[in-house]
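Report on the structure given below.
The chain is numbered in sequence order, starting from 1. Values reported hereafter were calculated over all heavy atoms of this structure, with side chains retained and with hydrogens, waters and symmetry mates removed.
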Amino acid sequence: MIDHISVGVSDIERAARFYEATLAALGLTRLVTRPRTVGFGKAYPEFWINLRENMARVPAESGVHICLRAKTMNEVDTFHAAAVTAGGASDGAPGIRPHDRVRYYAAFVVDPDGNRIEAVTFPAE
């Protein structure tokens, strides 16, 4: 249903470094580099960062987050560790999240601009 997504960032170089390290855990690499935008993906750019120089930090209470699919729990763990090492903050350590209809394994991070990014996988029981 969704072809690609993008997030605004206040510093394109800092964000590119952050996302290059973080998204590698999910098999996404930098595919497009332009002065004000960078695209990451597997075969084509699926995740974009766009420079917004005067952008204020995204408030934690915005409620917005982007969830990316991981193949394994190890990928979720690696995503989380890479994000924190690359200058992001943990917003939920990797772990099982049991809910009414589905059991999933996820981790949440916040990038240097306040964008909330999740990695999720659905392990077998």
Ignoring hydrogens and geometry, is there a side-chain-to-backbone donor-acceptor pair from D111 to D113 under 3.5 Å?
yes
Is there a donor-acceptor contact under 3.5 Å from the side chain of R57 to the main chain of P112?
yes
Exercise: identify the closest heavy-atom pair between A86 and A21:
CB-CB, 4.1 Å
Taking all heavy atoms of R103 and all of F122, pick out the closest pair and write down the distance.
O-CD2, 3.8 Å
Other members of the hydrophobic cluster containing V58, with the 4.5 Å side-chain heavy-atom rule, please.
M55
Does one hydrophobic cluster hold both V102 and V120, with members joined at side-chain heavy-atom distances below 4.5 Å?
yes
Are there more than 12 heavy atoms of other residues, nucleotides or ligands under 6.0 Å from atom CZ of R34?
no
Just do the side-chain contact (heavy atoms from CB on, under 4.5 Å) check on R36 and E53 with the steps written out, would you?
CA-CA 10 Å; R36 299 180 58 83; E53 289 107 341; 2.7 Å; yes
Closest non-hydrogen atom pair, I96 against P123:
CD1-CG, 4.0 Å
Apart from F79 itself, its cluster of hydrophobic side chains linked below 4.5 Å comprises M1, I2, I5, V7, V9, I12, F18, Y19, L23, L26, L28, V38, F40, F47, I49, L51, I66, L68, V109, I117
Could you pull out the closest heavy-atom pair between P94 and V76, with the gap in Å?
CB-CG1, 4.3 Å
Nearest 0.5 Å please: distance from the CD atom of E20 over to the OG1 atom of T29.
8.5 Å
Nearest 0.5 Å, what's the CZ-CD distance between R69 and E118?
10.5 Å
Other hydrophobic cluster members with W48, side-chain heavy atoms of Ile/Leu/Val/Met/Phe/Trp/Tyr under 4.5 Å, chained?
L31, V32
Is a side-chain donor or acceptor of T121 paired with a backbone partner of M73 at a separation under 3.5 angstrom?
no
Over all atoms of both residues, closest heavy-atom pair of H80 and S90:
NE2-OG, 2.8 Å
